[in-house]
Student: 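The structure follows.
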Amino acid sequence: MLVALTWWLDQLVQPQGRRSDATKRHDPDLIVENFSARKFGEDGRTLYTLAARKMVHYPDDDSALLDRIGFEAYEPRQPKVTIASDRGRLLEGGDKVWFEGNVVVVREADGKYEASKLTTDKLLVLPDTGVARTSSPVLLENPSARVEASGLELDNQARTLKLDRVRATYRPRR
């Protein structure tokens with residue numbers, strides 16, 4: 001009886017044949033509804049916020065899928081920039097944010113520049129450096145201009161915008 005009990009216990013603790021290695025799978029370890037995160041500067045001020053209707057995190061590559069994303073950047077001495085899209089991904093632990101599907105970027109007006117709206121299908125954002133780029137077609141609109149381009153690189157800190165293959169209509173202010 002002792003031998004049978006020992007054999008039975010041994011069978012319970014032995015790994016099953018052909019069991020897959022969980023470290024090689026892309027399974028979520030965290031699902032958050034109404035996700036919201038903020039990054040603060042050394043002075044305690046909010047640098048940017050990221051919100052999504054749903055966030056699903058994957059530990060194997062430290063990525064996360066996001067549904068209905070909203071992003072707000074508060075650069076010192078710069079107008080607020082908001083980005084929204086249908087879906088996206090957090091990459092490299094959040095150092096990169098990939099926006100996809102109906103991406104809309106709005107930059108508020110300041111004393112020197114008008115408010116502007118940019119639309120595209122895909123956009124990669126590096127939130128810590130204030131850089132955004134895409135090789136997808138973009139449409140940039142403000143009260144005095146309409147610009148179509150085949151890609152862009154935006155640096156919010158340096159206040160620069162590089163556009164590829166541009167077609168623009170400019171309406172001078174009166």
Side-chain angles (χ1 to χ4, degrees), residues 24-41 46-76 78-110 113-170:
K24 294 180 182 177
R25 295 189 333 221
H26 190 64
D27 293 333
D29 67 341
L30 181 64
I31 299 173
V32 179
E33 300 284 336
N34 299 314
F35 169 78
S36 180
R38 295 180 189 274
K39 177 149 187 190
F40 297 99
T46 301
L47 298 176
Y48 59 84
T49 63
L50 178 68
R53 186 175 71 183
K54 183 177 182 181
M55 186 270 294
V56 180
H57 181 263
Y58 296 90
D60 62 320
D61 62 358
D62 199 21
S63 68
L65 296 180
L66 302 168
D67 186 42
R68 302 282 183 243
I69 310 167
F71 177 86
E72 294 180 338
Y74 306 95
E75 294 285 340
Q78 301 289 353
K80 182 171 90 170
V81 174
T82 61
I83 305 171
S85 73
D86 294 338
R87 63 195 169 283
R89 291 176 283 162
L90 286 176
L91 305 167
E92 298 177 17
D95 291 340
K96 296 179 179 179
V97 184
W98 181 253
F99 294 84
E100 283 185 300
N102 299 311
V103 181
V104 177
V105 180
V106 176
R107 182 181 172 110
E108 292 182 352
D110 64 7
Y113 298 102
E114 300 171 309
S116 57
K117 176 182 172 183
L118 182 137
T119 55
T120 187
D121 285 340
K122 299 173 187 167
L123 185 69
L124 176 66
V125 175
L126 310 173
D128 291 330
T129 60
V131 172
R133 63 176 67 104
T134 185
S135 57
S136 293
V138 297
L139 173 62
L140 174 64
E141 298 175 290
N142 65 33
S144 62
R146 176 183 166 88
V147 179
E148 296 176 52
S150 64
L152 73 80
E153 181 164 325
L154 173 108
D155 186 332
N156 195 40
Q157 292 175 356
R159 293 186 96 156
T160 60
L161 176 64
K162 296 176 186 174
L163 298 165
D164 299 329
R165 289 181 272 160
V166 178
R167 183 176 155 189
T169 304
Y170 177 72

Student: Is there side-chain contact between K39 and P127, with heavy atoms separated by less than 4.5 Å?
Tutor: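 They are not in contact (no side-chain heavy atoms under 4.5 Å apart), so the answer is no.
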
Student: Write down the atom of D164, the atom of A149, and the distance for their closest heavy-atom approach.
Tutor: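 That closest heavy-atom pairing would be O-CB, 3.3 Å.
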
Student: For Y48, is there any backbone N or O sitting under 3.5 Å from a side-chain donor or acceptor partner on T46?
Tutor: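 Pair absent, no side-chain N/O of T46 close to backbone of Y48.
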
Student: Between S63 and L90, is there a donor-acceptor pair closer than 3.5 Å when you use the side chain of the first and the backbone of the second?
Tutor: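 Checking the backbone N and O of L90 against the side chain of S63, no donor-acceptor pair under 3.5 Å is found.
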
Student: Run the numbers on L30 and M55 for side-chain contact (heavy atoms from CB on, under 4.5 Å), then give the verdict.
Tutor: CA-CA 8 Å; L30 181 64; M55 186 270 294; 4.2 Å; yes

Student: For a side-chain contact (heavy atoms from CB on, under 4.5 Å) check, start with the C-alpha distance between L161 and L152, then their side-chain angles and the critical distance, and finish with the verdict.
Tutor: CA-CA 7 Å; L161 176 64; L152 73 80; 4.2 Å; yes

Student: As an exercise, state the distance from CG of L50 to CZ of F35, rounded to the nearest 0.5 Å.
Tutor: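 Atom-to-atom, L50:CG and F35:CZ are 5.0 Å apart.
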
Student: Check whether S116 reaches the backbone of N142 with its side chain - one donor and one acceptor, N or O, closer than 3.5 Å.
Tutor: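 Checked: no pair found.
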
Student: Would you check if V81 and F71 make a side-chain contact, meaning some heavy-atom pair closer than 4.5 Å?
Tutor: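 Of all side-chain heavy-atom pairs linking F71 with V81, none is under 4.5 Å.
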
Student: Nearest 0.5 Å, what's the OG1-CG distance between T120 and N102?
Tutor: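 CG of N102 is found 10.5 Å from OG1 of T120.
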
Student: Can you confirm whether K122 sits close enough to V103 that some side-chain heavy atom of one is under 4.5 Å from a side-chain heavy atom of the other?
Tutor: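 No. Closest side-chain heavy atoms not under 4.5 Å.
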
Student: Would you name the heavy atoms of L91 and W98 that are closest together and state the gap between them?
Tutor: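 For L91 and W98, the tightest heavy-atom pair comes out as CD1-CB, 4.4 Å.
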
Student: Looking only at heavy atoms, which two atoms of P143 and A115 are closest? And how far apart?
Tutor: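 So the minimum-distance heavy-atom pair works out to CD-O, 3.5 Å.
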
Student: Heavy-atom distance under 4.5 Å between the side chains of F40 and R38, does that happen here?
Tutor: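 They are in side-chain contact.
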
Student: Quick one: pull up CD in E100 and CZ in R89 and give me the separation to the nearest 0.5 Å.
Tutor: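 Reported value, rounded in 0.5 Å steps: 5.5 Å.
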
Student: For a quick test of reading the model, state the closest non-hydrogen atom pair linking S85 to R87 and the distance between them.
Tutor: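 Nearest heavy atoms, S85 then R87: OG-O, 2.9 Å.
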
Student: Just verifying a value: how many Å separate E148 CD and E141 CD, rounded to the nearest 0.5 Å?
Tutor: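 Taking CD in E148 and CD in E141, the distance rounds to 8.5 Å.
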
Student: Measure the shortest side-chain to side-chain distance between K54 and I31 over non-hydrogen atoms and say whether it is less than 4.5 angstrom.
Tutor: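 Yes. Closest side-chain heavy atoms under 4.5 Å.
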
Student: With rounding to the nearest 0.5 Å, note down the distance linking CZ in F99 to CG in D121.
Tutor: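 It comes to 14.5 Å.
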
Student: side-chain contact (heavy atoms from CB on, under 4.5 Å), that's the test. Do D86 and R68 meet it? Break it down for me.
Tutor: CA-CA 5 Å; D86 294 338; R68 302 282 183 243; 3.0 Å; yes

Student: How close do R107 and P79 get, counting heavy atoms only, and between which atoms?
Tutor: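 Minimum heavy-atom contact is NH2-CD, 3.3 Å.
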
Student: Report the distance from atom OG1 of T134 to atom CG of L154, rounding to the nearest 0.5 Å.
Tutor: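 Answer for the OG1-CG pair, T134 versus L154, is 12.0 Å.
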
Student: Which one of D155, D95, V97, V131 satisfies the side-chain contact (heavy atoms from CB on, under 4.5 Å) criterion with L126?
Tutor: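 Only one option passes, and that is V131.
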
Student: For the residue pair V147 and A168, what are the closest heavy atoms and their distance?
Tutor: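 Scanning both residues completely, I find the closest heavy atoms to be CG2-CB, 3.9 Å.
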
